[in-house]
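FYI, the numbering just counts along the sequence from 1.
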Amino acid sequence: MERTYVMIKPDGVARGLMGEILSRIERKGLKISGMKFAVMEEAKAKEHYAEHAQRPFFAGLVEFITSSPSLSLVVEGKDSIKIMRAINGATKPAEAAPGTIRGDFAMDTGRNLVHASDSPEAAEREIKIHFGEGVLLSYMRCEDVCLYE
């Protein structure tokens with residue numbers, strides 16, 4: 001079972017889109033196995049976006065992502081990394097297809113509502129940054145916990 005890191009960024013939270021985004025993830029068939037709602041600490045933001053540290057937009061990105069609460073998620077399922085990137089849509093909202101989160105709701109690349117890991121290595125690194133090690137449980141299937149008559 002593949003896991004990926006997903007974040008509903010501060011703009012998605014402020015616009016009241018958490019429920020819509022979570023619903024899209026679950027309706028696709030992916031499972032949410034970790035969730036944390038918090039204002040991201042500056043040190044975590046800098047670690048998360050470390051590959052952009054030398055770019056001119058880095059300071060603004062850190063300032064934005066730490067400005068108000070975001071929702072960090074661990075999402076799992078077959079091909080979850082590729083599927084979440086497709087659900088999110090292209091980074092630039094003008095290039096995002098209708099039916100994707102960014103295509104339906106985002107207007108600006110700097111405020112594009114969501115983030116999802118782009119590789120298994122990035123997913124592992126980002127999950128460790130935001131959730132630590134050994135805190136997540138595997139998702140239990142309904143057959144494992146539900147009672148049927």
Side-chain angles (χ1 to χ4, degrees), residues 1-97 99-141:
M1 189 70 60
E2 186 175 72
R3 285 183 170 169
T4 190
Y5 174 76
V6 175
M7 177 184 9
I8 301 175
K9 296 178 182 180
D11 55 329
V13 172
R15 288 182 53 197
L17 294 172
M18 289 189 303
E20 172 70 28
I21 293 167
L22 293 170
S23 178
R24 287 178 183 220
I25 293 167
E26 290 184 320
R27 285 193 325 242
K28 185 67 178 179
L30 297 171
K31 305 299 179 191
I32 297 168
S33 59
M35 185 180 296
K36 184 190 292 185
F37 184 67
V39 176
M40 192 181 301
E41 299 166 3
E42 185 176 341
K44 276 189 182 186
K46 287 179 176 178
E47 186 177 4
H48 179 90
Y49 289 113
E51 72 268 16
H52 301 301
Q54 301 307 314
R55 297 199 174 163
F57 59 82
F58 180 71
L61 179 59
V62 170
E63 182 180 346
F64 164 65
I65 214 70
T66 60
S67 66
S68 61
S70 59
L71 185 66
S72 290
L73 307 165
V74 177
V75 174
E76 64 181 44
K78 185 178 186 311
D79 297 321
S80 63
I81 294 169
K82 185 176 182 178
I83 290 169
M84 274 310 312
R85 306 251 329 146
I87 290 170
N88 284 354
T91 301
K92 295 179 181 178
E95 298 172 6
T100 65
I101 293 166
R102 292 175 178 144
D104 290 349
F105 302 112
M107 293 292 295
D108 180 80
T109 301
R111 304 287 185 269
N112 63 6
L113 307 171
V114 286
H115 164 85
S117 304
D118 63 3
S119 68
E121 297 77 24
E124 183 178 340
R125 182 181 72 80
E126 292 170 354
I127 289 168
K128 284 181 185 174
I129 290 169
H130 299 283
F131 289 89
E133 292 190 54
V135 252
L136 299 172
L137 302 173
S138 290
Y139 190 85
M140 296 183 75
R141 298 179 320 219

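Of all the heavy atoms in Phe131 and Met35, the pair that sits closest is CE2-N, 3.7 Å. Ile101 and Ile21 get closest at one heavy-atom pair: CD1-CG2, 3.8 Å. For the pair Pro10 and Ser68, the tightest heavy-atom approach, listed with the atom from each and the gap, is CB-OG, 3.2 Å. The minimum heavy-atom distance linking Met1 with Lys78 is given by the pair SD-N, 4.0 Å. Annotation for Asn112 and Pro93: closest pair CB-CG, 4.3 Å, computed over non-hydrogen atoms. Closest approach of Ile65 and Ala45 over heavy atoms only: CG2-CB, 3.5 Å.
Annotation: Lys46, atom NZ; neighbour count of heavy atoms from other residues, nucleotides and ligands within 6.0 Å does not exceed 12. Around CD of Glu51, the count of heavy atoms belonging to other residues, nucleotides or ligands within 6.0 Å exceeds 12.
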query: Please walk me through it: do Ile32 and Val74 pass side-chain contact (heavy atoms from CB on, under 4.5 Å)?
result: CA-CA 6 Å; Ile32 297 168; Val74 177; over 6 Å; no

message: What verdict does the side-chain contact (heavy atoms from CB on, under 4.5 Å) test give for Tyr5 and Ile129, after you've listed the backbone C-alpha separation in whole Å, the side-chain angles of each residue and the deciding distance to 0.1 Å?
response: CA-CA 10 Å; Tyr5 174 76; Ile129 290 169; over 6 Å; no

- request: Take Met7 and Glu126 through the side-chain contact (heavy atoms from CB on, under 4.5 Å) test and state the conclusion after the steps.
  value: CA-CA 10 Å; Met7 177 184 9; Glu126 292 170 354; over 6 Å; no

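Paired with Arg102 under the rule side-chain contact (heavy atoms from CB on, under 4.5 Å), one option of Ile87, Val114, Thr109 passes, and it is Val114.
Between Lys31 and Glu76 there is no salt bridge, since none of the side-chain N atoms of the basic residue sits less than 4.0 Å from a carboxylate O of the acidic one. Looking at Glu20 and Arg24, a side-chain N of the basic residue comes within less than 4.0 Å of a carboxylate O on the acidic one, giving a salt bridge.
With sequence neighbours excluded, no residue forms a salt bridge (charged side-chain N to carboxylate O under 4.0 Å, His left out) with Glu41. Every side-chain hydrogen bond (donor to acceptor under 3.5 Å, both in side chains) that Glu124 has, sequence neighbours left out, goes to Lys128.
Checked by atom type, the side-chain pair Thr66/Glu42 shows no donor-acceptor distance below 3.5 Å.
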